[in-house]
Amino acid sequence: MESLELLYLRRNKLRVLPEFPSCRQLKELYLAENQIEKLGAEHLQHLQAILVLDLRSNKLRSVPEEMALLQSLERLDLSNNDISSLPCSLGNLHLKFLALEGNPLRTIRREIIAKGTQEVLKYLRSKIKDDRTNQNDSVPETAMTLPSEARVNIHAIVTLKLLDYSDKQATLIPDDIFDATKNTVVTSINFSKNQLCEIPQRIAELKEMVLDVNLSFNKLSLVSHELCLLQKLAFLDLRNNFLSSLPEEMSSLTKLQTINLSFNRFKVFPAVLYHISTLETILISNNQVGSVDPLKMKLMENLSTLDLQNNDLLQIPPELGNCVQLRTLLLDGNPFRVPRAAILMKGTAAVLEYLRDRIPA
């Protein structure tokens with residue numbers, strides 16, 4: 001298909017990105033909600049005309065340096081993957097839109113991501129210069145590690161302000177991990193990919209500084225009051241747990257901007273979220289939510305992204321069309337009949353307009 005310009009492969013079970021050796025005219029490629037684990041140079045080398053590349057909600061762990069060769073690329077969606085770092089060379093792309101939410105990123109702070117695409121690209125470009133400067137000043141690493149530091153990444157705490165104890169399959173967070181934060185500033189916590197059944201109580205010790213908490217891929221069935229004490233919390237990732245409700249005390253999180261609740265067990269949209277006026281992004285896909293309250297949703301003036309994909313919504317209330325603050329509304333994978341798929345494909349603005357037109361006079 002040498003003339004192919006647009007290809008939708010969303011919501012399949014692809015594990016590998018196909019190669020398109022003849023599709024030199026391909027401009028838009030949509031691969032969201034698959035199971036793609038790896039991107040390589042061989043997958044990208046023929047996509048020289050690509051403008052839009054949607055890889056949201058896959059299982060990518062890394063982004064190859066070769067991504068920077070796609071000089072025509074304008075929109076890149078990498079949200080909801082397992083990416084821990086980005087190649088600095090991405091900063092040389094002329095992207096208009098870059099989505100990174102829902103990744104356990106360790107090399108770039110959440111407050112930078114929150115400032116938008118251009119700030120992220122600017123930051124990545126600055127790191128390219130730093131790397132060049134430091135190439136000749138590198139200090140050889142020692143193989144010796146003090147016993148007290150064996151489980152603690154002191155470097156991450158000091159340089160990235162990150163408390164990282166992820167991917168350990170641990171049932172609890174050792175005390176020495178928290179002890180290492182004394183007399184230091186920690187803005188990010190990553191305890192993802194463990195076997196935690198409850199949130200560590202000592203997380204409250206960091207309540208005056210932490211902005212970003214990642215507790216995804218654990219076995220949490222409830223949110224404890226300790227988490228609700230984190231007064232500066234802006235980004236909270238709770239996806240892939242066993243949660244079915246959120247406590248009312250979460251309304252005290254008056255700085256919260258983004259919450260990821262995807263792949264849990266919610267049957268009801270958490271009522272407390274309506275009362276957190278600072279929320280900009282709510283990701284609650286792949287649950288069993290049966291309804292939303294459009295009147296309360298309309299009052300959330302800062303809400304710009306609402307992901308309700310793959311839930312149990314039998315109908316979409318027309319009044320949701322009045323939520324004109326929404327820039328991204330994702331509804332695919334629900335059992336409702338209207339709006340039809342053809343309307344959903346036109347994007348958020350078209351969906352909201354369609355809903356408004358159906359509000360009873």
Trace of the side-chain contact (heavy atoms from CB on, under 4.5 Å) decision for Leu26 with Leu47: CA-CA 7 Å; Leu26 192 60; Leu47 302 178; 3.9 Å; yes

Run the ring pair (Phe, Tyr, Trp, His ring centres under 6.0 Å) test against [X] and tell me which residues pass, sequence neighbours left out.
| X | answer |
| --- | --- |
| Phe20 | none |
| Phe263 | none |
| Tyr8 | Tyr30 |

Check whether [X] and [Y] end up in the same hydrophobic cluster, where Ile, Leu, Val, Met, Phe, Trp and Tyr are linked by side-chain heavy atoms less than 4.5 Å apart.
| X | Y | answer |
| --- | --- | --- |
| Leu9 | Leu330 | no |
| Leu98 | Leu69 | no |
| Met297 | Val289 | yes |
| Val351 | Phe336 | yes |

Check whether any side-chain heavy atom of [X] lies under 4.5 Å from a side-chain heavy atom of [Y], and answer yes or no.
| X | Y | answer |
| --- | --- | --- |
| Leu233 | Leu211 | no |
| Leu100 | Leu105 | yes |
| Lys27 | Ile50 | no |
| Ser262 | Asn240 | no |
| Ile282 | Leu303 | yes |
| Met1 | Leu7 | no |
| Asn92 | Leu121 | no |
| Leu352 | Leu329 | yes |

Worked verdict on Ile173 versus Ile203 for side-chain contact (heavy atoms from CB on, under 4.5 Å): CA-CA 10 Å; Ile173 305 300; Ile203 205 169; over 6 Å; no

How many angstroms lie between [atom1] in [X] and [atom2] in [Y], if you round to the nearest 0.5 Å?
| X | Y | atom1 | atom2 | result |
| --- | --- | --- | --- | --- |
| Thr278 | Glu301 | OG1 | CD | 12.0 Å |
| Asn260 | Ile284 | CG | CD1 | 9.5 Å |
| Ile259 | Leu236 | CD1 | CG | 4.5 Å |
| Arg106 | Asn214 | CZ | CG | 9.5 Å |
| Leu196 | Ser216 | CG | OG | 10.5 Å |
| Leu331 | Leu344 | CG | CG | 6.0 Å |

Counting only pairs under 3.5 Å, give me each side-chain donor-acceptor contact of residues 242-252, with atom names and distances, residues two or more places apart or in other chains.
{"from": "Ser251", "atom 1": "OG", "to": "Glu248", "atom 2": "O", "distance (Å)": "2.9"}
{"from": "Ser252", "atom 1": "OG", "to": "Cys228", "atom 2": "O", "distance (Å)": "2.9"}
{"from": "Ser252", "atom 1": "OG", "to": "Glu249", "atom 2": "O", "distance (Å)": "2.8"}

Salt bridge (charged side-chain N to carboxylate O under 4.0 Å, His left out) contacts in which one or both residues fall within [range], not counting sequence neighbours:
| range | answer |
| --- | --- |
| residues 35-47 | Arg15-Glu37 |
| residues 201-214 | Arg110-Asp212, Asp175-Arg202, Asp179-Arg202, Arg202-Glu205 |
| residues 86-98 | Glu74-Lys96 |

I'd like to know if the side chain of [X] and the backbone of [Y] have a donor-acceptor N/O pair within less than 3.5 Å.
| X | Y | value |
| --- | --- | --- |
| Tyr165 | Ser192 | no |
| Asn194 | Lys168 | yes |
| Asp54 | Arg56 | yes |
| Gln325 | Met300 | yes |
| Asp312 | Gly290 | no |
| Thr258 | Phe235 | no |
| Asp307 | Leu283 | no |
| Asn287 | Ser285 | yes |
| Asn302 | Leu279 | no |
| Asn241 | Leu215 | yes |

Qualifying ring-ring contact (aromatic ring centres under 6.0 Å, His included) pairs, either residue in residues 172-221, two or more places apart: Phe178-Phe191

Of all pairs that satisfy side chain to side chain donor-acceptor pair (under 3.5 Å), the ones with a partner from residues 331-357, not counting sequence neighbours: Tyr354-Arg358

Residue pairs involving residues 220-232 (criterion side chain to side chain donor-acceptor pair (under 3.5 Å); sequence neighbours excluded): Ser224-Glu226

Between Gln195 and Lys219: side-chain donor-acceptor atoms closer than 3.5 Å: yes

For the [atom1] atom on [X], are there more than 12 heavy atoms of other groups (residues, nucleotides or ligands in this structure) within a distance under 6.0 Å?
| X | atom1 | value |
| --- | --- | --- |
| Gln315 | CD | no |
| Glu2 | CD | no |
| Arg10 | CZ | yes |
| Gln201 | CD | no |

Worked verdict on Glu33 versus Asn310 for side-chain contact (heavy atoms from CB on, under 4.5 Å): CA-CA 10 Å; Glu33 295 178 72; Asn310 301 323; 2.9 Å; yes

Partner of Leu17 under side-chain contact (heavy atoms from CB on, under 4.5 Å), chosen from Leu53, Asn34, Leu39: Leu39

Transitive ILVMFWY cluster of Leu299, excluding itself - 4.5 Å side-chain cut-off: none

Stepwise side-chain contact (heavy atoms from CB on, under 4.5 Å) check, Val213 with Asp237: CA-CA 6 Å; Val213 171; Asp237 192 344; over 6 Å; no

Using distance only, find each side-chain donor-acceptor pair of residues 81-90 under 3.5 Å and give its atom names and separation, not counting sequence neighbours.
{"from": "Asn81", "atom 1": "OD1", "to": "Asn58", "atom 2": "N", "distance (Å)": "3.2"}
{"from": "Asn81", "atom 1": "OD1", "to": "Lys59", "atom 2": "N", "distance (Å)": "3.2"}
{"from": "Asn81", "atom 1": "OD1", "to": "Leu60", "atom 2": "N", "distance (Å)": "3.0"}
{"from": "Asn81", "atom 1": "ND2", "to": "Leu55", "atom 2": "O", "distance (Å)": "3.0"}
{"from": "Asn81", "atom 1": "ND2", "to": "Leu78", "atom 2": "O", "distance (Å)": "3.1"}
{"from": "Asn81", "atom 1": "ND2", "to": "Ser79", "atom 2": "O", "distance (Å)": "3.2"}
{"from": "Ser89", "atom 1": "OG", "to": "Glu65", "atom 2": "OE1", "distance (Å)": "2.6"}

